[in-house]
Every structure is written in C-alpha cells, then in structure tokens.
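Heads up: the structure comes next, in structure tokens.
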Amino acid sequence: MLIKVAPSILSADFIRLGEQVREAEAAGVDRVQIDVMDGRFVPNITFGTPAVEALRPLTRLALEVHLMVEPPEDFIEPFARAGADTLIVHQEATPHLHRVIQQIHALGKKAGVALNPATPAATLSEILGQLELVLVMTVNPGFGGQDFIPESLGKIRWLRQEIERRGLDCELEVDGGIHQETARLVVDAGANVLVAGSAVFGAAEGVRAAVERLRRSAGPA
Ligand code: DX5
C-alpha cells in the first residue's frame, strides 16, 4: 500500500504561502491540505475560499480542504468553486452527513469525513461505503504542533479492518502530531495518508528534507 504525504499549510509561513506550497510540490508530496477553521466548531480561525482561490493556480497538486466548520453544508459549494478537489467534513458538525456527502459528489468532488478523537469509528458504518477518504484526527482539531493521541491507534486499526473486510476503495488518513516518531505507528495500524504540518513546514532542515525524513520513518506499508 502506497503511503501518501499531505502537508497541512496551517504550519506554513503565511508570508510566503505560495512558495511553501511549491516547495512541498517540488519535495514530492501527494497533495496539499488546507485547514479551514471557523472559530466555532474549533477554537481557531484560519483560511476562507480566497486562500484556496489564490493557491489553486500555483500547483498541480490536488487541494484537499479540511472543513472544521459548522454547518459544513453551507461551505461545500463555495470551496468546490474555489478549487477544492476533496472536501473533508466532520461527522460531529452536521446531523445530515449523508446529504452533505451527496452534495459533495454532485459537485464532482471527492468526499472525506473526519472524526474527532472522542468520536467512535463505528459512527461511519452507514456512510463508509460512499467515502473516498476517512480522516482520523490524532489531535483535538484547531491547532498545529500538538501531541499525538495514542488511543487513536485502535480507531485506525478498526477502520483499516472495516475497509478491507468490505473491500472498499477508501483512503485512511491521519492528522495531528504526525512526525518521524509517530508515522510508523499509524502506518502499522493501517493509515495510508499522513497529514503533517509542523513536521514538514516547521522543520529546521527545510521542506524537502522533512518530507523525505517523514517518508523514511513511515517506511513501506
Ligand atoms: C489541526 C489540523 C492539523 C494540523 C496538523 O486542527 O487539522 O492538520 O495542522 O499539525 P501538526 O502536524 O503540526 O500536528
């Protein structure tokens, strides 16, 4: 199973966001994650559609927009129009998750669902078959640079087993505190997409070396 790297621009240098995305692309990452936060679903405010519109022409990489907002249904179309390729919504942010996934697919975009640390993976059992991606939050969402929550490993294992048992073509992505010490743990548990912010953009050795180190530490799946 190929391990993919998705740098989160939340930890990038905002003064030169475009350059950092280009550095990540040159470093061979597989896509870019844009963390959208509304100050209500999570205690922080980050980017809106203008950031996606600005980044869209700068890279050929897929842009996955992690919507830490409520209600997500209000933001699907604006971010799809702004250039998002994948829209990730939180299971906890809407009572109408099935309808939101339909809305994303109707716009021709890939759909992902993110789970906060206290949310059981089994809450996705009815919708898992319709998802291109599940995102297991391995920190409480809102900030970069937090410590990895080790209890997440059981959730990752459960989801990997469920995806394999049902023969689903669904990526299993993890996000939060992913770096050289934790990458191997989450890959061994079954993750195949690693979101990393501070480990990539906060690394003293630069983006390219950081991405290479993350891939090496993740090892073969
Ligand atoms: C947290 C964000 C994460 C965060 C990851 O709410 O969704 O993507 O940027 O940052 P690190 O990799 O530094 O934990």
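Ligands are counted one by one from 1 in listed order, and the atoms in each one are counted from 1 as well.
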Q. Is the His90 ring parallel, tilted or perpendicular to the Phe41 ring (thresholds 30°, 60°)?
A. tilted
Q | His179, portion touching ligand 1 at heavy-atom distance under 4.0 Å | A | neither
Q.
I want to confirm something. Looking only at heavy atoms, which of Ser8, Gly142, Ala196, Ala114 is nearest to atom 9 (O) of ligand 1?
A. Ser8
Q) In the protein, what heavy atom is nearest to atom 13 (O) of ligand 1, and what distance, to one decimal place, separates them? A) Ser198 OG, 2.4 Å
(Q) salt bridge (charged side-chain N to carboxylate O under 4.0 Å, His left out) for Glu162 and Arg165? Distances and angles first, verdict last. (A) CA-CA 5 Å; Glu162 192 65 3; Arg165 182 180 69 83; 2.6 Å; yes
Q.
Would you compute the distance between atom OG1 of Thr49 and atom CZ of Arg56 and round it to the nearest 0.5 angstrom?
A. 14.5 Å
Q: Check whether the side chains of Gln102 and His96 place a donor and an acceptor atom closer than 3.5 Å, and report yes or no.
A: no
Q: For atom 10 (O) of ligand 1, grab the closest protein heavy atom and report residue, atom and distance to one decimal in Å.
A: Gly144 CA, 3.5 Å
Q | Other residues, nucleotides, ligands: >12 heavy atoms within 6.0 Å of Arg16 CZ | A | yes
Q. Got the closest protein heavy atom to atom 12 (O) of ligand 1, with its distance?
A. Gly197 N, 2.7 Å
Q.
Ring centres under 6.0 Å, that's the criterion: do Phe47 and Phe14 meet it?
A. yes
Q) What is the nearest protein non-hydrogen atom to atom 4 (C) of ligand 1, stated with its residue, atom name and distance? A) Asp175 OD1, 3.8 Å
Q. If you measure every N/O of Gly177 against every N/O of ligand 1, is any gap under 3.5 Å?
A. yes
Q | Nitrogen or oxygen of Gly145 less than 3.5 angstrom from that of ligand 1 | A | yes
